[in-house]
Number of protein chains: 2
Amino acid sequence: MAAQNQNKVSLPVIKRLPKYYRYISDMHNNGIVKVSSSELARMMGTTASQVRQDFNCFGGFGQQGIGYHVDVLLSEISKLLFSEKNLNAVLIGTGRLGRAISGYLSAEARGYHLMAAFDKSPDEIGRELQCGVMVQDVAELAAFCAAHHPDVAVLCIPRAGAKAVAPTLVEAGVKGYWNFSHYDLSVDYEGITVENVHLGDSLMSLGYRVRND
Amino acid sequence: MAAQNQNKVSLPVIKRLPKYYRYISDMHNNGIVKVSSSELARMMGTTASQVRQDFNCFGGFGQQGIGYHVDVLLSEISKLLFSEKNLNAVLIGTGRLGRAISGYLSAEARGYHLMAAFDKSPDEIGRELQCGVMVQDVAELAAFCAAHHPDVAVLCIPRAGAKAVAPTLVEAGVKGYWNFSHYDLSVDYEGITVENVHLGDSLMSLGYRVRND
DNA sequence: TAGATTGTTAATCGATTAACAATC
DNA sequence: TAGATTGTTAATCGATTAACAATC
């Protein structure tokens, strides 16, 4: 829960971006070229007012009397969500959840680069994940971070484990944690972004937030 | 996004309950018997005001001048979160993510009973999950729902698949969807609760919400 | 009693919705 | 031009925070 309200765009707006993105890219794929705020609102389950307010946070890219061009919306929102640079991520914990998420991070999620994966179990260490990344011993995490400076750590381990690796990560200068299984590191480390995410939306939107801090 | 604001307790409050629960059960396990709103606020990363407001939604269970008894808090919040009756859940999709979640649902999450799991892949059908549940053909989903009336469906399949099974589930009377991988069934089915969840908190809090609709 | 801390009402803050002039 | 729809300001709504009397 670090400070991140310097910029004018509020968190609720940011959290809606991925949903906009999905509808708009669907439309784009279906060859739809134009959409009005009220059509988008119906799809999103909100009001036309909110749609216009949201888009205007970033500088109105619609046309009065006409609506919004799907391709303009798509490119503007893509820019916001995916930015220029991938986030370098390390995965910690390669159990069932970790493996599922490694697949998501490397194949489906945009804006991420999975640098490495770590586990403490001898059964896991040395194994190759489906995405091609080799599982390393978590004991080497500090050295790895010192050498390669990941941006975010994706935690797929129980709470006790998360509490144990957190100091290492913080000392190594990792600034973001995406926590898929637990919750409450939030208060222990000031100035660090700890978020509980689910697949799909949050990953993208949080990526955006972090880059805009 | 069904209507669920009949009751006085707001969604933000409900979403905080699992986090309260975790801190309070930690304290309980450590033998701490008493806590003040300001101590809890510090742990939660919020204000003492908010803590008191939150607890008072459910009828003040503190003592003026003293604070809150940890065991009273724990039992009150447990009652709210876990209620009397488990939610009967079916899992749809037993890929990596689905398997991870089946383990969570059957072992860690309170308030759920995993009745059955479905997949469309012949490789999956007939396999037994680690939790002992047998994977069935998704073609049998409608019949299963008609016979056993699950409360919620946990979707761990791609969006196209989710869109395909949704009508079956809706027609079978399933009222809640916990969607771990995608997002936007929300608008298509009025009166149905579709939520995107992450492990841990949301499952519990959503359980609460559904039971209180 | 004095100090502490709740329960609860009032004030503030922020987000959503409504309204409407600008303009395509 | 008339109709449609945005951009933007104002009004509403809800959640958080502050204040303080009640009371242990």
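In what follows, chains carry the letters A, B, and so on, assigned in the order in which the sequence lines appear, proteins first and then strands, with residues in each chain numbered from 1. Just so it is clear, the structure is predicted and the values come from calculations on it, not from any experiment.
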Using whole Å, report how far [atom1] of [X] lies from [atom2] of [N].
{"X": "A:L11", "N": "D:dA15", "atom1": "CG", "atom2": "P", "value": "16 Å"}
{"X": "A:D54", "N": "D:dT8", "atom1": "CG", "atom2": "C1'", "value": "14 Å"}
{"X": "A:R16", "N": "C:dT17", "atom1": "CZ", "atom2": "C1'", "value": "12 Å"}
{"X": "B:N56", "N": "D:dT16", "atom1": "CG", "atom2": "C1'", "value": "15 Å"}
{"X": "A:F61", "N": "D:dT6", "atom1": "CZ", "atom2": "P", "value": "12 Å"}
{"X": "B:M44", "N": "D:dT16", "atom1": "CE", "atom2": "P", "value": "11 Å"}
{"X": "A:F58", "N": "D:dT6", "atom1": "CZ", "atom2": "P", "value": "17 Å"}

Sugar-phosphate, base or nothing in reach of A:Y68, heavy atoms under 4.0 Å: sugar-phosphate

Touch class at under 4.0 angstrom, heavy-atom based, for A:S38 against every strand present: nothing

Ring geometry between A:F118 and A:F144 (parallel below 30°, tilted from 30 to 60°, perpendicular above 60°): perpendicular

Parallel, tilted or perpendicular: rings of A:Y68 and A:F61 (30°, 60°): perpendicular

Can you check whether [X] has a side-chain N or O nearer than 4.0 Å to OP1 or OP2 of [N]?
{"X": "A:S37", "N": "D:dA4", "result": "no"}
{"X": "A:Q63", "N": "D:dT6", "result": "no"}
{"X": "B:S10", "N": "D:dT16", "result": "no"}
{"X": "A:R52", "N": "C:dT16", "result": "no"}
{"X": "B:T47", "N": "D:dT17", "result": "yes"}

Polar pair under 3.5 Å, donor/acceptor by atom type, side chain B:Q64, base D:dT23: no

hbond_proxy A:Q53 side chain to C:dT17 base (donor-acceptor, 3.5 Å cutoff): yes

Side-chain donor or acceptor of B:Q50 paired with backbone N/O of B:T47 under 3.5 Å: no

Sidechain-backbone polar pair: B:N88 side chain, B:D151 backbone, donor-acceptor under 3.5 Å: no

So if I take every side-chain heavy atom of [X] and compare against [options], which nucleotide ends up nearest?
{"X": "A:Q50", "options": "D:dT5, D:dT17, C:dT16", "value": "C:dT16"}
{"X": "B:I66", "options": "D:dC24, C:dT23, C:dT17", "value": "D:dC24"}
{"X": "B:S49", "options": "D:dA19, C:dT5, D:dT5", "value": "D:dA19"}

Any A:I77 side-chain heavy atom under 4.5 Å of A:F55 side chain: yes

Base-pairing mate for C:dA22 - Watson-Crick or G-U, with both contacts under 3.5 Å: D:dT5

Pair assignment for D:dC13, Watson-Crick or G-U wobble, requiring both distances under 3.5 Å: C:dG14

Earlier contact from the 5' end, DNA chain C, for A:P12 and A:G65: A:P12

Partner of A:H69 by side-chain hydrogen bond (donor to acceptor under 3.5 Å, both in side chains), out of A:K34, A:E76, A:Q63: A:Q63

